[in-house]
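Below, chain A is the first sequence line, B the second, and so on; all start at residue 1.
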There are 2 protein chains.
Amino acid sequence: MNSCSPRPIVVVKSRLPSHCEECDARHRSVCNAIGTGDLDRLAAVATPRHIEKGETFIEEGQPAGDFFNITAGTAKLYKMLPDGRQQITGFAGVGHFLGLAVSDTYAFTAEAIEPIELCRFSRPKLRTLLDDFPLLEKRLLETACNELVAAQEQMLLLGRKTARERVASFLATRRAEASLCGNHGSTITLPMTRTEIADYLGLTIETVSRTLTKFKQEGKISLPSRDEITIKDPSWLTTTATGEDTASAFI
Amino acid sequence: MNSCSPRPIVVVKSRLPSHCEECDARHRSVCNAIGTGDLDRLAAVATPRHIEKGETFIEEGQPAGDFFNITAGTAKLYKMLPDGRQQITGFAGVGHFLGLAVSDTYAFTAEAIEPIELCRFSRPKLRTLLDDFPLLEKRLLETACNELVAAQEQMLLLGRKTARERVASFLATRRAEASLCGNHGSTITLPMTRTEIADYLGLTIETVSRTLTKFKQEGKISLPSRDEITIKDPSWLTTTATGEDTASAFI
DNA sequence: CGCGCTCCTTGACCCAGGTCAAAAAGCCCG
DNA sequence: CGGGCTTTTTGACCTGGGTCAAGGAGCGCG
C-alpha cells in the first residue's frame, strides 16, 4: 500500500521485452527478487496493461486467473454487502502485488482511482516463475505478512477507534508512506476522494469532512486544496492517532 | 483460525523426537508439507510446550524470536490501545501457525483462552527448515493468503456491519469452522467469553448479550449453556450475516 | 469567463449502540 | 447444597456519529 506518485503520470513505457529493467516499481516490489540478468524471463511472462480511472480490473467473486503488479497509479480494494455498503480494505500503489488468493475466486474488487499502469501475470506463468526463483516466493510471503500486519492494525482502527483517532491514523499512515517514497514534506497528496476515505475508515463522508474541519480549526492541519493536507503538528498527529491524548492519568 | 476441541483436553503427549507423527495438528497445519519420512527433522527443531489458560506467549512489541504451531487449545490474538481498548484480530486453534511477522517485533499479543499445547520453532531453525523444504514455504504463503482473506472479511464486518449482522456473522463462521472439523451438528461450542466475542466484533459485552437474547426470542437460536449455542435456523443466519434480510427491493 | 458538473462542507435532527448500574444465573468448592 | 465468586443478562439513560437536506466551492469545458 505505498502510492508514490505526486508527480504527473509518466508517459506510457515501451512494451519491449526489456520493460522490466526501467520499471518504476521494480525496486519497491517483489520483482526485485529477480536479478538483473534474469529480467527478460520476468518480462516474458508479464503483460503490461493500462487501466483507466474508475475502471475495475479485479472483481470480487470472479474466477481468479491473474495476478497484477502495479507500476504506476493507485487502486482501491474493496468488498461490498448486498445492499451496497462498501468497505475499502486498502489502497494499492506502485509496487503493490495483487491477486494473491489461494482460492479460485477473488476476495475483493480492485478499481483504479487514478490511471494505472500494471503488469498482468497469468496463474500458470507465475507458478513457473515461482518454481524457478524461490527468492520470489520468499518475497511474496514477506509481502503477505506485511499486509497481514497492516490488516490487523486496520481492524484495531475499525473496531475500537473514535472518528478523530481514525482520521488522525489515516493522515499519519499517509504521511509515513510519503516519507518512505522520499517525500519528507509535511504536505500529503491524497489520490482518493472523501467518500473513499470514509469507506476506508468505516465512517461517513460527513464525519470525515467534519473531523478534518475540526482539525483545521484547532490549527493542527491546513487544507491548501481539495486533495492536499498539510500537517502543522506532526507529534499531535501520532498521539491523537493512538488515543494517547485522551488516555487520562493511569493508576 | 480453526479451533476443534469440544472433547476434553488430551493427556500431555510424549516428548520423544517422534512426537510429530501422532500430532493432532499435523493434518490441518503447515506441517503436512513435510513427508512422514522427514518427520524426525521437523521434530528435532520443534519444542513442545504447554501454556496455561490466561497465559500470554506472544507479546505485542516484544522481539519476535519464535514461531508457534498450536496442537491443542485456543488462543486469542489481540492489539491494544494505550488506554486499554482491545481489539481481538482472531482466534487461533489447532493447526494455526503464529508469529509470521517479517518485522523483528510481534505485531500482536497471543493469550491462551483454554489450556494450549504448542510447538515452538526458533527463527533460525525454521529458516533452515524452510530452505530444506520449499513446499513448507509454499504452504506458509497459502496460509498467509487465507488469513489475509479472513482479515478483509473482518474489516468489512467491523467497518460496515450492524450489531445484528456482526453477531450473526460470528455464529455463521464458528459453525462453518466446526463443520470443517467434522462437527456437523447445529450446536456450536464457544471457548471464548462474551467479553472476548465483543472485543472480536468491535462491540460491547452488553450489545453481544442483548443481540443473542433477541435472536433467542425470535426463535432463531437457543442457549443451552453458557458456552453453547444451537442454531435453529441456519439459512436465516447466513442471510442475516450479510444483511440480505434488510436489503430491500432493488431498482 | 460563466455554466454545469461533481465533490465537499455545514446544519439540524435522530438513533444504534455505548455507558452506568444492578439483578440474576452459573459455577466452583468445601 | 449453600456461600462467595465470576460471568451474563437486563434496564434506564446518553451520546457519537449517522441521516437527511441545503448550500458552497472547485474545476473542466464550451
Its contact letters, B for base, S for sugar-phosphate only and - for none at protein heavy atoms under 4.0 Å, make nucleotides 12-28 of chain C read B----SSBB----BBS-
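- Taking all atoms of both residues into account, the shortest heavy-atom contact from B/A151 to A/M155 is CB-CE, 3.5 Å.
- Using a 4.5 Å cut-off on side-chain heavy atoms (C-beta onward), A/F215 and A/W236 make contact.
- B/K232 and B/E218 are not joined by a salt bridge, as no carboxylate oxygen comes within less than 4.0 angstrom of a charged side-chain nitrogen.
- Between B/H50 and B/P115 the shortest side-chain heavy-atom distance falls below 4.5 Å.
- To the nearest angstrom, C1' of C/dT9 lies 9 Å from CD1 of A/I205.
- Interface limits on DNA chain D: the 5'-most and 3'-most nucleotides within less than 4.0 Å of chain A heavy atoms are D/dG17 to D/dG26.
- Heavy atoms of A/S209 sit under 4.0 angstrom from at least one base atom.
- Ring geometry, A/Y200 versus A/F170: the interplanar angle exceeds 60°, so the pair is classed perpendicular (tilted spans 30 to 60°).
- Here OH of B/Y78 is found 4.5 Å from CD of B/E111. Values are rounded to the nearest 0.5 Å.
- Within the 4.5 Å cutoff, no side-chain heavy atoms of B/I113 are placed close to those of B/K53.
- Results of the side-chain contact (heavy atoms from CB on, under 4.5 Å) test with B/I88 over B/Q154, B/K76, B/K79, B/M192 single out B/K76 as the only residue that passes.
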